[in-house]
Novice: 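Structure provided below as structure tokens; questions to follow.
The chain is numbered in sequence order, starting from 1. Keep in mind that the numbers below use all heavy atoms, side chains included, and drop hydrogens, waters and symmetry copies.
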Amino acid sequence: MQNSCPARPGRLRALVIDDSTFDLRLVTRHCKRLGIDVTCARSAAEARARLDGGGYDLLLVDHALGAATGFDVLAALDGHPALPRRRILLTGNDDPRIAAEAAAQGLGACLPKSALGSSRMAALLRAGPEAEA
């Protein structure tokens with residue numbers, strides 16, 4: 001699996017953090033259909049290394065990452081100068097408590113993986129780099 005796409009002028013760049021190869025491929029495919037360049041990471045350490053290498057407009061982080069959560073990963077990355085303001089939590093569980101926790105932690109949105117490819121995902125991702133998700 002390709003870990004990153006070269007940045008193209010005028011296109012959004014997203015960092016996707018997920019420990020599942022299947023889900024990374026799925027998210028990448030949907031992002032590419034929307035014209036978004038994707039870089040993948042499987043852990044907080046990989047995400048930090050990717051952030052050290054360049055800027056991103058958007059961060060998509062899975063809620064369940066092995067023993068950690070997306071919230072744990074965000075806490076580990078907190079303060080990194082390249083961490084995007086626009087952050088979306090991805091979850092396989094459409095639990096309103098997870099969405100409430102995401103909102104309380106300042107994430108722009110909580111998107112169930114069942115909504116990948118939906119108009120809701122397209123609207124969230126196409127909002128542009130300046131938008132609050």
Novice: Which pairs with one or both residues in residues 71-83 pass salt bridge (charged side-chain N to carboxylate O under 4.0 Å, His left out), sequence neighbours excluded?
Specialist: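 Sorted pair list comes back empty.
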
Novice: Please determine whether side chain to side chain contact (heavy atoms under 4.5 Å, CB included) holds for the pair Gln105 and Leu74, giving the CA-CA distance in whole Å, both sets of side-chain angles, and the decisive distance to 0.1 Å.
Specialist: CA-CA 10 Å; Gln105 295 213 17; Leu74 288 170; 5.8 Å; no

Novice: Answer yes or no: is there a side-chain heavy-atom contact under 4.5 Å between Leu89 and Val61?
Specialist: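 Yes - at least one pair of side-chain heavy atoms lies under 4.5 Å apart.
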
Novice: Would you compute the distance between atom OG1 of Thr21 and atom CG of Leu26 and round it to the nearest 0.5 angstrom?
Specialist: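 Answer rounded to 0.5 Å: 12.5 Å.
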
Novice: Provide the full list of ring-ring contact (aromatic ring centres under 6.0 Å, His included) pairs with a residue in residues 88-118, sequence neighbours left out, each pair given once.
Specialist: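 Counting only pairs at least two positions apart or across chains, no ring-ring contact (aromatic ring centres under 6.0 Å, His included) contact touches residues 88-118.
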
Novice: Mind checking what makes side chain to side chain donor-acceptor pair (under 3.5 Å) contact with Asp19, not counting sequence neighbours?
Specialist: none

Novice: Tell me, please, which residues at least two apart from Asp94 pass salt bridge (Lys or Arg N to Asp or Glu O under 4.0 Å).
Specialist: none

Novice: What I'd like to find out is whether the side chain of Leu15 reaches to under 4.5 Å of the side chain of Pro84, using heavy atoms alone.
Specialist: no

Novice: Provide the full list of salt bridge (charged side-chain N to carboxylate O under 4.0 Å, His left out) pairs with a residue in residues 101-113, sequence neighbours left out, each pair given once.
Specialist: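 Only Asp18-Lys113, Asp23-Lys113, Asp62-Lys113 qualify under salt bridge (charged side-chain N to carboxylate O under 4.0 Å, His left out).
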
Novice: Any pair with a residue in residues 69-97 that passes ring-ring contact (aromatic ring centres under 6.0 Å, His included), sequence neighbours left out, goes on the list, sorted by first then second residue, please.
Specialist: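 Applying ring-ring contact (aromatic ring centres under 6.0 Å, His included) to every pair that reaches into residues 69-97, excluding sequence neighbours, yields His63-Phe71.
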
Novice: I need the Arg85 CZ to Leu59 CG distance, nearest 0.5 Å.
Specialist: 13.5 Å

Novice: Between the main-chain N or O of Gly35 and the side-chain N or O of Arg11, is there a donor-acceptor pair closer than 3.5 Å?
Specialist: yes

Novice: State which residues pass side chain to side chain donor-acceptor pair (under 3.5 Å) with Thr91; sequence neighbours excluded, sorted by chain then number.
Specialist: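 If we apply the side chain to side chain donor-acceptor pair (under 3.5 Å) test to Thr91, skipping adjacent residues, there are no hits.
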
Novice: With rounding to the nearest 0.5 angstrom, report the CZ to CZ distance, Arg50 to Arg42.
Specialist: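 CZ of Arg42 is found 10.0 Å from CZ of Arg50.
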
Novice: State the CG-CD1 distance between Leu60 and Ile36, to the nearest 0.5 angstrom.
Specialist: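 Spacing of CG (Leu60) from CD1 (Ile36) equals 8.0 Å.
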
Novice: Sequence neighbours left out, what passes side chain to side chain donor-acceptor pair (under 3.5 Å) with Asn93? Give chain and number order.
Specialist: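 Once residues adjacent in sequence are excluded, Asn93 has no partner under the side chain to side chain donor-acceptor pair (under 3.5 Å) criterion.
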
Novice: Does anything in residues 84-121 form a ring-ring contact (aromatic ring centres under 6.0 Å, His included)? List the pairs, not counting sequence neighbours.
Specialist: none

Novice: Sequence neighbours left out, what passes side-chain contact (heavy atoms from CB on, under 4.5 Å) with Ala115? Give chain and number order.
Specialist: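 With neighbours one apart ignored, the set is Leu111, Pro112, Ser118.
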
Novice: Do any N or O atoms from the side chain of Arg48 and from the backbone of Ala76 form a donor-acceptor pair under 3.5 angstrom?
Specialist: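 Checking the backbone N and O of Ala76 against the side chain of Arg48, a donor-acceptor pair under 3.5 Å is found.
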
Novice: Are any of the side-chain heavy atoms of Cys31 and Leu58 separated by less than 4.5 Å?
Specialist: no

